[in-house]
Amino acid sequence: MRVLLVEDSNELLALLKRGLAAGGFDADTVNTAADAAHALATMRYAVVVLDCGLPDDDGLSLLRDMRRRGDRTPVLVLTARDGVSDRVTSLRDGADDYMAKPFAMEELVARLHALLRRSDNMLGRRLTFGNVALDTEGRQVIIDDTVRTFPARETAVLEILLRRGGNVAPKRLFEDHLFGLSGKVGSNAVEVYVHRLRRLLADAGANVKIHTVRGVGYLMAEDKGG
Ligand code: CA
């Protein structure tokens, strides 16, 4: 997992980079807010560790810029030991967590892992199966790192299947989600959208298949090829 470390003390950066590597993170390091902005514009990070006090700009103003741009990458802010106002401000400005210096490396690593779990799984923001992922907020489908936009109902069908994680999703579930409580649902309406979704996935190179479980519903399974 790639993390961006923004910290002006090279000594602390080296320490952080080693600690994070041991924790399974691959860290890019920068010393200034300008370099951080550049890195964020060119790379996608799983998480950002951001020092409040940077030589060229306030770390928190970088954070505000990120959120203003719609960048929702999880950010953990590092504050000075007595920086109570920084901690409060950082949360208000869109930080997901903070730690006061000095801190134990194990705690930082544990918190970063917790942040990633929270942002990806607990909030259900990103659902994945095989090489297919769905950003449930942006409503974008990501297949092998290529972002695609599927029509709304096909995307809704995909979300239901992904949330079931390989278990059968009853047909009723699709009808409720696709058509709500209003109006009558044509007998083959769900089949139509499942069929379209199958084609979209196949055309995009997805390694998953949607199987029909006769009389019950549908389930998603990895396509082992052949
Ligand atoms: Ca600093």
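All residue numbers refer to positions in the sequence shown, counting from 1. Just so it is clear, the values below take in all heavy atoms, side chains as well, and ignore hydrogens, waters and symmetry mates. Bear in mind that the values here come from a model prediction, so they are computed numbers and not experimental data. Remember, it's 1-based here, ligands and their atoms both numbered in the order they're listed.
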How long is the gap from CG on D51 to CG on L12, to the nearest 0.5 Å?
-> 7.5 Å

Could you tell me whether the Ca ion (ligand 1) has an N, O or S atom of E7 under 3.0 Å away?
-> no

How about Y218 and F174: are their ring centres within less than 6.0 Å of each other?
-> yes

Exactly one candidate in V47, D96, V6 meets side chain to side chain contact (heavy atoms under 4.5 Å, CB included) with V75; the answer is D96

Can you name the one residue among D8, N10, D56 that meets side-chain hydrogen bond (donor to acceptor under 3.5 Å, both in side chains) with N31?
-> N10

If you check every N/O/S atom of D51, which is the one nearest the Ca ion (ligand 1)?
-> OD2

Do you see an N/O/S atom of G53, backbone or side chain, under 3.0 Å from the Ca ion (ligand 1)?
-> yes

Tell me, which N, O or S atom in D8 is closest to the Ca ion (ligand 1)?
-> OD1

